[in-house]
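One structure is given here, and the rest of the page talks about it.
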Amino acid sequence: MTSFRDLPIRDDLRDLKPYGAPQLEVSVALNVNENTHRIPEPVAQHIIEKLAEAVIRLNRYPDREFISLRQALAGYLGANLTESNIWAANGSNEVLQQIFMAFGGVGRKVLGFGPTYSMYSILAKGTQTEYQDSPRGDRFELTAALVAESIKANQPNIVVLCSPNNPTGTPVDITVIEAAYEALPSNAILVVDEAYAEFAGTENESATALLTGRERLLISRTMSKAFAFAGARVGYLAADAAVIDALRLVRLPYHLSALTQAAAEAALAHSSEMLATVADIRYQRDRMILALTELGLDPYRSASNFVLFGGLKNPAETWQKLLDRDVLVRNVGIANTLRVSAGTERETSRFIDALAEVI
Ligand SMILES: *Cc1c(COP(=O)(O)O)cnc(C)c1O
């Protein structure tokens, strides 16, 4: 058995590790920010019917342009968007990869504000784009001045702002997005990753409101989190129609299977039922923040469905002790912290009780 390191692999990949949140069988899995509620039964039945219709036609390639899915996604987002402004792929990770392929590459630079989503640097590696990390402010907050100064100093080709930010939960004010766009060099794009936007609430406006007149602004979204559809792998993008044309240059033909398109469209036809758990998840998140504070720990502000909390002497040990109690959370490698997703009421209580036991 040889190792990939012994193969004639690209030198710049030889020392890397793949993305690897542990996938373990536990009764309380709060480690990858999924919506832990099941899909409502009537919605599942409708999806199954649509899948059955699609199966009979699997002898043919799917609609390469997935027009009706893009129409449904445009309708879901509103903001005067049409299908010409929408793109989709197998998870927003694939959308981001296509963006890096089209706008990054050798000799180009992507700027992120860390700690942030680990996939940005991994996708940069894979596309041979230089990744520049720029530190966040106090308690991981971003201000317009901090972001604008970093963009001007680093002259990137791609800026990625995660809003709300994973793994810290920090919301990014719409004025910060505006300032980032203003500060862009003329050969750069701004990607706003709104994977958790539905959890942010009305106090945090989506950057889709800024799209008109900003043709180098790209808003990435996903059905994996609030929409409870992580297993289906559907992420999407809202941007100027010219951006969508650029992504067609790098996508694989027929990248969205007929089954994916059918399932996503059927789910979107029930968006209010699919999103019915969001209010409770926000409530459970706030319950966790309160409980963590009462335990003497230091939770960070979160506009998402998860909480990063500090105050742990030995996060790896706490992680293991929680796992021993069948509760899986995430150690993202930020000193003295762990990250936990808000679950159902029962799961959230299990986490709080287990943590109270171990600290
Ligand atoms: C979970 C997550 C995604 C979504 O990934 P998918 O490929 O759509 O499942 C994207 N960005 C961030 C910041 C995430 O946390």
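As the structure is a prediction and not an experimental result, all values here were calculated from the model. Remember, it's 1-based here, ligands and their atoms both numbered in the order they're listed.
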ask   = Gln261 side chain to Asp63 main-chain N or O, any donor-acceptor pair under 3.5 Å?
value =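 Judged by distance alone, yes, a pair lies under 3.5 Å.
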inquiry  = Donor-acceptor check, side chain of Arg136 to backbone of Phe113, threshold 3.5 angstrom: yes or no?
reply    =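 Judged by distance alone, yes, a pair lies under 3.5 Å.
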request  = State whether Phe103 and Arg108 meet the cation-pi test: NZ (Lys) or CZ (Arg) under 6.0 Å from the six-membered ring centroid, and within 45° of the perpendicular axis.
outcome  =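 Here Arg108 fails the 6.0 Å and 45° test against Phe103.
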inquiry  = Would you say the rings of Tyr196 and Phe306 are close, in the sense that their centroids are separated by under 6.0 Å?
reply    =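 For Phe306 and Tyr196, the ring centres are under 6.0 Å apart.
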inquiry  = Quick check: Phe66 with Tyr236 (ring centres under 6.0 Å apart)?
reply    =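 Tyr236 vs Phe66: aromatic centres not under 6.0 Å.
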inquiry  = Is it true that, when you exclude Asn59 itself, more than 12 heavy atoms of the residues, nucleotides or ligands shown sit nearer than 6.0 Å to its CG?
reply    =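 Yes, the 6.0 Å shell around CG holds more than 12 heavy atoms from other groups.
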Extract all N/O-N/O pairs under 3.5 Å that connect ligand 1 to the protein, and present each with both atom names and the distance rounded to 0.1 Å.
unit_1	atom_1	unit_2	atom_2	d
ligand 1	5 (O)	Ser92	OG	3.4
ligand 1	7 (O)	Ser92	N	3.1
ligand 1	7 (O)	Asn93	N	3.1
ligand 1	7 (O)	Asn93	ND2	3.2
ligand 1	7 (O)	Arg233	NH2	2.8
ligand 1	8 (O)	Ser92	N	2.6
ligand 1	8 (O)	Ser92	OG	2.8
ligand 1	8 (O)	Thr222	OG1	2.6
ligand 1	8 (O)	Ser224	OG	3.4
ligand 1	9 (O)	Ser224	OG	2.6
ligand 1	9 (O)	Arg233	NH1	2.7
ligand 1	9 (O)	Arg233	NH2	3.4
ligand 1	11 (N)	Asp193	OD1	3.4
ligand 1	11 (N)	Asp193	OD2	2.7
ligand 1	15 (O)	Asn166	ND2	2.7
ligand 1	15 (O)	Tyr196	OH	2.6
ligand 1	15 (O)	Lys225	NZ	3.2

